[in-house]
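Take a look at this one; I'll ask things after.
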Amino acid sequence: MTDLTMFHAVKQDTKFPQLEEQVLAFWKQNNIYQRSLDLRKNGKPFVFFEGPPTANGLPHPGHCLTRAIKDLFPRYRTMRGYLCERKAGWDTHGLPVEVEVCKELGIHGKEEIESYGIEGFVQKCQQSVWRYMQEWERVTERLGFWIDLSQAYVTYHQSYIESVWWSLKTLFDKGLLYRGHKIVWWWAQGGTALSSGEVGQGYRQVADPSVYVRFPLEGEPNTSLVVWTTTPWTLPSNQFAAVNPELEYAYCFDETSSETIVIAKALVESLSEKTKRKLAIVKVVVGSELVGKFYVPPFDCYSKQLGHAEARLKSGGSQRPCWRVVAANFVTIDSGTGLVHLAPAFGEVDYEVLTEERLRFVEPSVPPLLCAVGPNGKFTADFPSHEGVWVKDADKTLQRFLKDAGKLWHQEQYLHDYPFCWRASEDPLIQYPRESWFIRTTKFRDSMLENNKTIGWLPEHIGPGRFGNFLESNVDWALSRERYWGTPLPIWVCDQTSQMEAIGCYEELIAKPGVQGTEVWANAKKANPELEDDLRVHKPYIDAVTYDSPYAPGARMRRVTEVIDCWYDSGAMPFAQWGYPHKNAESFNSQFPSDFISEAIDQTRGWFYSQLAISTMLFGASDEDTKNGKIAERAYPHPFKNCIVLGLMLAEWYESKDGKQRFLTEEEAKTACGTDYVVKTGKMSKQLRNYRSPQEIFDKYGADALRWYLFYNQAPWNSILYSERAIRDSISEFILRLWNSVSFFSIYAEIDGFAGPSEIASGLDQLTSEELSRAKSYRPIEQRSELDRWMMSELAATCRDVVERMDRYDSYGACQTLHAFVDAMSNWYIRRSRSRYWAADKQSADKLDAYWTLYESFVVVAKLIAPFTPFLAESLWKLLKGDLAGVRDSVHLCDFPDGGAIAPDAELNARMSLLREIASLGRSARMDSKLKVRQPLQRVEVSLADDSQIQWLRKHDDIVREELNVDEIHYASGASPFVEYQVQPNFRRLGPKVGPLLPKLKQQLGSVSGATLLEELTANGKITLVLDGKSIELDCEDIQVRMQAKAGWAAAQGKLCVVALNTELTDALIRRGIAKDAIRLVQDLRKKRDCNFTDRIEIWILDAPVAMREALEENQVFICTETLGVSIHFDNPPSDLELDDCELGDSKVRIGLRVTTASLA
RNA sequence: GCGCGCGUAGCUCAGUUGGUUAGAGCGCGUCGCUGAUAACGACGAGGUCCCCGGUUCGAAUCCAGGCGCGCGCACCA
C-alpha cells in the first residue's frame, strides 16, 4: 500500500446546502452539463420536450416537482448513453401578461388600453414577460435542473410565430379554420371573453332575482305559460320557450288570479306551496303537444318591429320565426316551472336551439339572433326604455315593468353561484355571442383517439380515462382572442369581396404585390432602436401591413384583428421551437416526436391536448382520410410517446383556531397560539401564502432533500403534500444515512492509509470493477468473504432493478430499491464489518477486501443516485476519486451502472436475509426476557422450517454469535421442545382443487398435531385425509407449515424460523457481562474526553466491589483490546485525574482515563 | 348532473393475477446499542382496510349501490 493519504475523514457537521452550492459552482466552472451532452454526441437521441412555463409569476413549489421529474429522466438517459438535448422554453403570450401590464399602468379594460395606445401597450407586455425570469432561472438552476436556458424557445419570437403561422396556414388551406359564432362568458367591462379556467376561478354565491313570468298563449284566452328565470335582463331578447317533449304539463286554474297557467305537472304542488296560490289542475298534456304553440313575448321591443312577419320554411309554407314553443331535452323539473325562456344571445344551449331552428327555414339567418345588449353590457337602442343601462342594474326596473304589465306571476330571491371576473371581482360575467375563429378539431376526433391509444401514459388510466374522455367530447377549438398581446391570426381579408388568405411567414407577406404599411414598424424602430425586432410580427405593426387583393381590382387585403389562444402557441412547440419548417428541418426531424414529457394533471386539457390536437391535424390524418384508407403522415404516437402526469402539490400550514392567523411551521403556531391551532392541508394559494418558497427550502435543507422527498415518498401521480417536516426527514432517512456510511469509511481509510485505487498506475476512467481490479490489493469478488460477496451481489441486483424500473419510468420504485440498498449497506454490511476495519493488521487481505468492497459500493451508489440527488452524488464522487489521474471529473459524465459486470447471487441474498431474520428474532427474544445484548448468553437454538440452509448457516455462526452475543448456536429442523407446528392448507394451490371443502380441510389439519402430520408426510411423501367421505391426498406442496414458539420459552418466531434462547446465566457469563459494561463506559469516556481514534489510554476503575474487580481483572485483556487501553488500575489514581461517577452493574464506580504513549503490554 | 382519480395505523403512503397473521417510514412509548454519534437497532401500542350488499371455499383486492375528498367537464334557463 502506498503512503499517500487518499481519503480524509469527512467533517461531521456537513451542511448539505453549502455542499450543493459548491457543486453548482463546480458544474458551472467545468461546463459539466455541456460536456455530458458532448460525450453522447453519437448516442441514440432521447427526446425531451419542455412544456413552457409562463415566466409571468414566481415559481412555486409545485413547479419544483415538475422540474425535478423533468430533470430526472433526461439525466438518467444521458448516463445510459443517450443524447438528450434539453431546450428550455417560455410561454410569453396571453391575458395574464396583459393584466400585469394593466395593473402596472393602473388601467382597466379594453377601452383604456386603446386610449393608452396598443403600440405602447404591446411593448410593455413584451418587456413585462421577463419580469420574473431571473427568479425562474435561479430556481431552475438551484434545483439542479439541467436544461439549456441559453437556447430557450420563446413564443413571441418571430421565428416561433412564423412556425405557428405556417401551421395555421396549413390548416386554413385544408379548410379547417372557419369563422363562427360562439356564446362566451364575457367580461363586459374589460371587453373580453374569459377561458373556462378563468371563469371557474370566479364563481361566487350571490342572491339574484328569481322571476316567474307569464307568456300568454296566442289563441288561448286567459292562458299563459309560466317560465322562470334568474336573469330578467335577458327577457327583452327572448326568442323561444322550451319544454321537454317527454314531460307532462298541467293546465292549472289559478284561483288567486283567476287565470289558467301551464307548468310542469310534477311541480304543481311545490309551486302552489311556494307561491301560496291555489292551483287546480284542469288538464294534462305532454310537452310535445305544446310544441309549436305561439305566445306573446314579455317585451314588445322586437315584436313591434318584426310583428307577425313570416319566413319561408324548407318544408314548404311559412311560419313566424320567433316566440314559439320548442322542444328541448335539457329541460328538467329540477328547478323553475319546467318551461324555459330562451334567449339565444345569452346562453350556449339557447344558441344551439336557434341553430337547430334555423335548419327549418330557407334563409340561413332566420330566425335572427335577437340581442338587445351591446358588447359593453349595456342595453342598445333595440330596447329604448333602457338604452345605456348596465344589464344587471336593470333587473329591478324590469321586474317593476313586468309587474305593471301584468306579466309577473311570482318573484323571489334566489341564491346561486354566479361567475365574476377573476381579476375585477365586482364585475359579473355575462354570456354573450361573439364572432370567433374555430379550428375543426372535430374532424380529427377519431384520429386523436387513435393517436392517444398509442401514448404511454403514467398512470395508465389517464389515456382511456380522463384524457380519452376529454377527446371523446371534443368540440371545435375556439382559437381567436380579441386581445392585443398574442400571436396574430395570420389571415388577410379582401376589403371588397371578403375573400381570405392565410400567410405562412413574414417574408411571404412582404413579397405580396403592392405591400404597404411596413413603414409603420420601420419608423417605430427608427424612433426607438431598442425595440426587439420580433415585435414586427405583432400588433399593431402587423395590422398595418396590407397588400393588393387578387380577388378584386383595386381592393386591399387587410389582416383580421384577432390574436390566437396562447394554448395554441404552446401546443405548436414541437415544431415551433425550431422555427420549422422555415428553418432547422434537421433538428425538428431528429427531435420529433418526444420520448418523454411530464406536467401536472391540470395540463390534460391544456398542453397535453393542444400538442396532440395540433400534431394530429398537421402530421396525422383526418377521420375521413382514415376511413378512406389514407394513413397518417407520421406513425402514431406523436408528438409525445410517454407522459408522466403529475399529481397536484398541496400545501400544509397551521392556523389559529379562529382561522385569523396562519403559520408555515408548527413551532410558529405554538409560539403564537399555544395549543390553540389546527393543521390544514389544501391547495396552494398565492393569496393565502400558505407555502414556503422553494428558495427557503434550498437554503435550509438543500435541493437534494427536496428532490428525494418528491421522488421517494409517493408515486408521482399522487397528489403530494409540500410538508417542510417531511422534506427535512428525507435528509436523515436517506441522505444523511448514506453520508454517515461514507464518513465511516473515510475515517478508517484515513487512519489506515487505505489508498487502494491509487495503486492503479493508469487507465482509470469511470472506476468500474474492471478498472479497480487492476489494483494490487483488489481481490476478485469470489475470493472475498461471504459478507463481501453478498454486498456485491445486492449491489448488482440493485443496479439491475433500478435500470429495469427507470427504463419504464418507474422512478418511485427505483427509489424504494435504492433506499433498501443503502439501508442494507449501512445497517448490515457496515455493522457486521466494523471490526474488520479496526483490525490491527492493515495489510490483511480481509481488511483490504472490506475497504475495497465498501469503496466499490460507494462508487456504484454515487452513479446510481446521480439522476436523483445529483449534488450528493457529485460530492460523493469527488471524495471517492480523490486526486486519481484520469478519472472523469463528474459522476454525471459516467455511464449508469447496469449491474452487468457482477451477477447477483439470488441464493446468497436469500440466505443472508434469513440470517438477518435470525439475528432480528434473537434480539426480539432477548427483549422479551429482558436480557440486554451486552449480557453474554450460553446458547441459542434456531429451528428452521426446512433444513436446506443449515449447512450454510453453520458457516456463519460467527455473525449470529456476535450479533446476539452468545457463545454457541444450534440449528435444527423438525421437532423441538420449544416449537410447535401448525399445518395449514396451501390455499392458493388447494383452492381450485377442493373448492368448498377448503374450510373443513383447514379445520381437520388444525385438529391434528402438526408434528404427527409432518412425520407422516416425511415418511410417505403424502398424507391422506377423508373429508365428507371423499379421500384427499396432499403432498408437501399442498400444505404450509407454520412454526410457533411454545409458551414459556424465551423464543421468537418469524416466517421461516424460531429462535430460542438459553437464558441460564452462569457466574462466568455474568462476569463477562460486567466486562462488556465496563468497555462501554470507557468508550463513552474516551469520547467525552475527546480522545483521538488511535489514542492509547490508561484506565482507572475505582470503588468496584471485590467480585466485580475480579471479573474485570479476569477480562482485562478483552477490555484493553476493545478500548485501546494499555492497563487497568483499581486504585491509586493520579491526584489530578478527572474521575466520572458511573453505574456498573448494580454498583457505583468512578472511572478515569489518561492518554499515554506507552504501548500495550 | 356526468367523467376520472382517491379513501388502508395519529400523519404520509405501499399492498402483485383474490389466498386466510395487511406492511413501511415518520410520530409516540419502552428498552437496547454505542470509536458512523446532529446517528443506529429492537420491541410495543395504534386498523370497522369509508359504508352497505353481492360473487367466492376465501375479498383491502372483483362486481353493484351509497358516502366523503380532489380534479375536470357540463349545467346554473
Side-chain angles (χ1 to χ4, degrees), chain A residues 10 12-14 196 200 203 227-231 234 242 328 330-332 334-336 339-343 346-350 414 416-419 459 461-462 464-470 472-473 601-602 604-605 647-648 650 679 682-683 712-715 717-721 723 725-726 729 731-733 736-737 739-748 751 812 816 819 826-827 830-831 834 838 920 923-924 926-928 930 932-934 984-992 994-1002 1042 1052 1055 1079-1080 1083-1084 1086-1087 1091-1094 1122-1124:
Chain A
V10 177
Q12 298 298 345
D13 57 342
T14 307
S196 67
Y203 275 93
V227 302
W228 177 72
T229 180
T230 56
T231 49
T234 61
F330 59 79
V331 176
T332 66
D334 293 344
S335 55
L339 284 138
V340 172
H341 135 75
L342 296 183
F346 308 117
E348 213 172 322
V349 287
D350 307 38
Y414 185 70
H416 66 160
D417 289 323
Y418 194 87
H461 60 74
I462 297 284
R466 186 176 284 238
F467 195 68
N469 291 340
F470 176 67
E472 298 270 4
S473 61
I601 192 160
D602 55 357
T604 311
R605 284 117 228 278
L648 292 175
L650 305 173
V679 189
K683 273 169 76 169
Y712 171 71
N713 277 280
Q714 63 282 300
W717 43 85
N718 287 334
S719 59
I720 177 170
L721 205 61
S723 147
R725 185 186 50 76
D729 287 348
I731 295 181
S732 58
E733 278 170 23
L736 193 57
R737 190 176 293 179
W739 197 248
N740 278 335
S741 303
V742 177
S743 158
F744 172 87
F745 170 84
S746 68
I747 288 169
Y748 291 102
I751 290 171
Y812 175 68
Q816 306 302 310
H819 185 266
S826 159
N827 287 331
I830 296 184
R831 206 152 66 95
R834 276 202 283 215
W838 55 72
S920 160
R923 279 193 295 264
S924 161
R926 268 184 174 274
M927 177 68 112
D928 287 346
K930 303 239 178 280
K932 58 187 179 184
V933 179
R934 229 181 288 118
Q984 280 205 334
N986 179 344
F987 291 97
R988 200 183 277 262
R989 228 175 112 91
L990 290 177
V994 305
L997 290 177
L998 208 46
K1000 279 191 181 160
L1001 180 65
K1002 179 185 176 187
R1042 202 163 268 166
K1055 291 233 149 115
I1079 289 169
R1080 182 192 157 198
Q1083 301 287 35
D1084 274 355
R1086 282 187 66 114
K1087 197 161 100 196
C1091 290
N1092 288 321
F1093 291 125
T1094 48
E1122 291 292 311
T1123 60
L1124 297 187

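Here is the naming used below: chain letters follow the sequence lines, and residue numbers restart at 1 for every chain.
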Rounded C1' spacing from A9(B) to C28(B) in Å:
12 Å
Closest-nucleotide ordering on RNA chain B, the 5'-leading residue of Val340(A) and Arg737(A):
Arg737(A)
Over how many whole Å does the gap from Glu472(A) atom CD to G3(B) atom P extend?
13 Å
Quick one: label Ser741(A) by what it contacts on the DNA or RNA (base, sugar-phosphate, nothing), any heavy atom closer than 4.0 Å.
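Contact class for Ser741(A): base.
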Does a side-chain N or O of Arg834(A) approach OP1 or OP2 of A36(B) to a distance below 4.0 Å, or not?
yes
Say we look at A60(B) and G25(B): how far apart would their P atoms be, to the nearest angstrom?
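The same atom, P, in both gives a distance of 24 Å.
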Taking pairing as Watson-Crick or G-U wobble with both contacts under 3.5 Å, can you name the mate of A22(B), or confirm there isn't one?
none
Whole-angstrom distance between U16(B) and C50(B), as gauged at atom P:
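Approximately 14 Å lies between the P atom of U16(B) and that of C50(B).
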How many angstroms lie between CZ in Arg605(A) and CZ in Phe467(A), if you round to the nearest 0.5 Å?
9.0 Å
Would you mind reading off the distance between Gln816(A) atom CD and G23(B) atom P, rounded to a whole angstrom?
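It is 17 Å, rounded to the nearest whole Å.
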May I have the distance from Phe346(A) (atom CZ) to C75(B) (atom P), rounded to whole angstrom?
17 Å
Can you tell me the base-pairing partner of A38(B)? Count Watson-Crick or G-U wobble geometry only, both distances below 3.5 Å, and say none if there is no partner.
none
When you compare the protein's N or O atoms with those of nucleotides 13-15 of chain B, which come within less than 3.5 Å of each other, and at what distance?
| from | atom 1 | to | atom 2 | distance (Å) |
| --- | --- | --- | --- | --- |
| C13(B) | OP1 | Ser719(A) | O | 3.2 |
| A14(B) | OP1 | Asn718(A) | ND2 | 2.2 |

5'-most by nearest nucleotide on RNA chain B - Asp350(A) or Asn469(A):
Asn469(A)
In whole Å, what separates the C1' atom of A64(B) from that of C52(B)?
11 Å
Is G44(B) paired to anything, Watson-Crick or G-U wobble with both distances less than 3.5 Å, and if yes, which nucleotide?
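Partner of G44(B): C28(B).
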Please measure how far the P atom in A39(B) lies from the corresponding atom in G27(B), and state the result in whole Å.
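Those two atoms are separated by 10 Å.
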Decide yes or no for Ile830(A) and Phe744(A): does some side-chain heavy atom of the first lie under 4.5 Å from some side-chain heavy atom of the second?
yes
Kindly write out the residues that satisfy ring-ring contact (aromatic ring centres under 6.0 Å, His included) with Tyr812(A), not counting sequence neighbours, or none if the list is empty.
none
Mind checking Ile462(A) for me? I need base, sugar-phosphate or nothing, with any heavy atom below 4.0 Å counting as a touch.
nothing
Atom CZ of Phe744(A) to atom C1' of U34(B): distance rounded to whole Å?
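About 13 Å, once rounded to whole Å.
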Would you name the heavy atoms of Asn469(A) and Pro464(A) that are closest together and state the gap between them?
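Smallest heavy-atom distance, with atoms named: OD1-O, 3.7 Å.
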Closest approach to the side chain of Arg466(A), judged atom by atom: which nucleotide of C40(B), A38(B), C71(B) is it?
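When the side chain of Arg466(A) is considered, C71(B) is the closest of C40(B), A38(B), C71(B).
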What is the separation between atom CD1 on Ile747(A) and atom P on A39(B), rounded to the nearest whole Å?
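Value for this atom pair: 16 Å.
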What is the distance, to the nearest angstrom, from the CD1 atom on Ile1079(A) to the P atom on G32(B)?
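Distance, rounded to whole Å: 18 Å.
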Find out whether Asp350(A) and Val340(A) are in side-chain contact, i.e. whether some heavy atom of one side chain is under 4.5 Å from a heavy atom of the other.
no
With a 3.5 angstrom cut-off on both distances, give the Watson-Crick or G-U wobble partner of C69(B), or none if there isn't one.
G5(B)
Between C73(B), A36(B), C4(B), spot the one nearest the side chain of Ser826(A), thanks.
A36(B)
Measure from CZ on Phe467(A) to C1' on G5(B) and round the result to the nearest Å.
17 Å
To the nearest 0.5 Å, atom OG1 of Thr229(A) lies from atom CG of Leu339(A) at 13.0 Å
P gap between C75(B) and G70(B), integer Å
22 Å
How far does the P atom of A45(B) sit from the matching atom of U55(B), given to the nearest Å?
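Their P atoms lie roughly 36 Å apart.
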Given the C1' atoms of G68(B) and C51(B), what is the spacing between them in whole Å?
10 Å
Sub-3.5 Å pairs of nitrogen or oxygen atoms, protein against nucleotides 57-61 of chain B:
| from | atom 1 | to | atom 2 | distance (Å) |
| --- | --- | --- | --- | --- |
| C57(B) | O4' | Gly995(A) | O | 3.4 |
| C57(B) | O4' | Pro996(A) | N | 3.4 |
| C57(B) | N1 | Gly995(A) | O | 3.4 |

The side chain of Ser743(A) lies closest to which of these nucleotides: A36(B), C71(B), C40(B)?
A36(B)
Interatomic distance, Ile830(A) CD1 vs C40(B) C1' [rounded to whole Å]
12 Å
Both distances below 3.5 Å, Watson-Crick or wobble geometry, any strand: find the nucleotide opposite G53(B).
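Per the H-bond distance test, C63(B).
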